[in-house]
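Chain letters run A, B, ... following the sequence lines, proteins first and then strands; every chain starts at 1.
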Amino acid sequence: MSAFYITTAIAYPNGTPHIGHAYEYIAADAFARFKRLDGYDVRFLTGTDEHGLKMQQTAQKEGITPRELADRNAAGFKRLQDALGSSYDRFIRTTDADHYEASQELWRRMADAGDIYLGSYSGWYSVRDEAYFAEDETEVDAEGVRRAVSTGAEVTWTEEESYFFRLSAYQDRLLKLYEEHPGFIGPDVRRNEIASFVAQGLKDLSISRATFDWGVPVPGDERHVMYVWVDALTNYLTGIGFPHDEASVAKYWPADVHIIGKDIARFHAVYWPAFLMSAGLDVPTRVHAHGFLFNKGAKMSKSVGNVVDPFELVDEYGLDTLRFFLLREISYGQDGSYSHEAIVTRRNADLANEYGNLAQRSLSMVAKNLGGIVPEPGAYTAEDEELLALADGLVDRMRPEMDRQNVHLALEAAWQVLSRTNRYFSAQEPWVLRKTDPARMGTVLYVTLEVLRIVTLLVQPVIPGSAAAILDQLGVPGDGRDFSALPERLAAGTRLPAPAPVFPKYEA
RNA sequence: CCCCCUGUAGCUCAACCGGUCAGAGCAGAGGACUCAUAAUCCUUUGGUUGCGGGUUCAAGUCCCGCCGGGGGGACCA
């Protein structure tokens with residue numbers, strides 16, 4: 001069985017999760033589920049990135065330890081994943097003991113490769129802002145004190161020791177990577193952006209800090225902790241047992257896709273492959289950056305008060321409606337907008353009317369006219385064959401779209417089949433056949449249910465709960481629900497439970 | 001200041017190397033049907049393809065300028 005390794009970015013838990021996190025988790029979960037149903041041995045990793053100065057500061061403000069803050073907030077992110085029905089295999093925390101080991105091992109390998117050296121970092125430092133300022137961002141006031149222009153805080157010339165990663169040495173290899181593997185970064189806009197950034201030249205990267213201690217200690221120099229991204233990115237290796245579990249690493253590495261937000265594309269498409277090359281590890285197959293979500297087109301911000309709590313959205317619309325809306329409405333890679341109206345429209349038009357009602361109108365005819373037994377189909381007409389062929393071909397249309405994270409296109413293809421099926425049903429008029437040709441009615445109903453079975457199997461990754469309910473109503477056994485069952489046909493003679501609407505219309 | 005992307009019906013998007021009346025879904029309008037969650041089916045309204053020039057037999061599709069949106073760089077972390 002081939003392996004498939006997918007990850008989300010790990011969230012920085014110095015606050016509570018918002019809809020953007022939910023968006024990423026839902027999408028990653030759908031991809032993971034799709035691959036699992038398609039016969040892959042999937043490993044799906046997500047978690048939290050808990051180190052760094054901000055965590056330490058936030059904790060200090062609240063009078064608790066960074067660890068306590070991390071424990072509290074990481075729990076919130078994990079709760080979100082669970083509320084979203086996410087099928088992650090591990091929720092990793094960068095404070096996990098095995099992550100320290102993995103990070104230090106990666107560091108050692110980069111050091112052994114000669115890519116890490118001790119240097120120094122200097123500039124006008126403001127203790128109050130805990131930040132460096134450039135010369136022209138400071139000015140000397142009337143009393144002869146140099147201050148930062150933007151904050152007015154006093155600054156002093158400071159030199160700080162720091163370890164550096166020889167990123168500058170990787171420019172050519174990175175450019176070659178982008179050129180030879182155009183699929184390494186998606187969508188295409190990101191690749192162009194990243195490639196032009198790298199082409200401009202790369203500076204060595206500061207990768208340690210001695211001014212705070214909330215982080216992974218640098219091996220061999222306990223005065224330093226690793227700075228942000230070395231530690232954070234390594235989680236993808238920790239999550240598969242690096243470095244000790246060699247079998248697991250061999251199986252799952254390189255990762256098939258890292259799902260991230262566009263704001264951190266550079267770290268994943270430049271720093272991360274460079275680190276891996278340095279350490280002698282393969283680079284991931286693909287990094288896919290999604291866009292941001294806007295509330296009715298407006299950026300979310302606390303001051304505007306339009307920040308939406310993802311838990312509330314789940315409560316309001318239902319989990320599958322939210323999942324479906326986000327994945328069907330927005331092109332996964334571009335920014336997207338959501339609104340109450342848009343969510344309700346998707347819910348009612350796509351789920352309740354086109355899909356749910358199709359199941360209901362066909363199933364209820366089977367219940368009322370055939371005693372709830374799946375009929376034996378007679379000879380197929382050209383219309384029957386055509387529709388079945390369309391449904392049989394759906395998986396081949398969805399696979400490549402899902403592989404490029406084009407969920408919205410995969411779903412569009414599925415809904416095209418549903419639309420065709422509604423037209424077929426209306427054209428065949430089984431309610432007329434009931435009186436004129438009952439056998440033919442049975443065939444029409446059989447074909448309809450069979451197409452519903454195929455489509456429902458394929459949309460399980462997006463709306464797992466609802467799909468399960470529909471498969472129950474179609475009498476599809478639990479062991480007949482992965483994609484290997486697609487070519488099988490619905491078993492005639494199966495007794496079906498009483499049908500009930502799975503997607504009630506949203507009224508409000 | 002520089003670079004890249006983008007601007008197509010009310011909304012969300014399509015249109016391969018420039019070439020039949022610029023397409024689809026949703027929303028809207030009219031009709032049909034009654035199996036179904038007033039659902040579904042059929043028909044249909046609606047676009048000077050941001051604006052202004054230019055190249056070409058022919059331009060959403062190429063070039064220049066302007067306006068609007070997004071992203072990146074530079075400067076800052």
Set of ring-ring contact (aromatic ring centres under 6.0 Å, His included) partners for A/F165, sequence neighbours left out: A/Y170, A/F275
If pairs are Watson-Crick or G-U with both distances under 3.5 Å, what is the dot-bracket string of RNA chain B, marking crossing pairs with [ ] and pairs to another strand with |? (((((((..((((.....[...)))).(((((.......))))).....(((((..]....))))))))))))....
For RNA chain B, which residues in residues 365-382 of chain A have a heavy atom at a distance below 4.0 Å? A/M365, A/K368
RNA chain B-proximal residues of residues 419-426 of chain A, any heavy atom under 4.0 Å: A/S419, A/N422, A/R423, A/F425, A/S426
Scan for ring pair (Phe, Tyr, Trp, His ring centres under 6.0 Å) pairs involving residues 171-203 of chain A, sequence neighbours excluded, and state none if there are none. none
What does the list of N/O pairs under 3.5 Å between the protein and nucleotides 30-34 of chain B look like, with a distance for each?
none

Go through the side-chain N and O atoms of A/H340 and A/Y317 and say whether any donor and acceptor fall under 3.5 Å apart. yes
Scan A/Q200 against the nucleic acid and name what it touches under 4.0 Å (heavy atoms): base, sugar-phosphate only, or nothing. sugar-phosphate
With sequence neighbours left out, which residue pairs that include part of residues 358-373 of chain A fulfil the salt bridge (Lys or Arg N to Asp or Glu O under 4.0 Å) condition? none
When rounded to whole Å, the CG to P distance for the pair A/L409 and B/C13 reads 12 Å
Contacts of A/F325 that satisfy ring-ring contact (aromatic ring centres under 6.0 Å, His included) - sequence neighbours left out: none
Ring pair (Phe, Tyr, Trp, His ring centres under 6.0 Å) pairs touching residues 391-417 of chain A, sequence neighbours excluded, are A/F324-A/W415, A/Y355-A/W415
Pairs flagged by salt bridge (Lys or Arg N to Asp or Glu O under 4.0 Å) wherever residues 438-456 of chain A is involved - sequence neighbours left out: A/D384-A/R440, A/E450-A/R453, A/E450-A/R489
Salt bridge (charged side-chain N to carboxylate O under 4.0 Å, His left out) filter on A/R190, not counting sequence neighbours, yields A/E193
By nearest heavy atom, map A/P504 and A/K262 onto RNA chain B; which one lands nearer the 5' end? A/P504
Sequence neighbours excluded - salt bridge (Lys or Arg N to Asp or Glu O under 4.0 Å) pairs with any residue from residues 404-425 of chain A: A/E386-A/R420, A/E401-A/R404
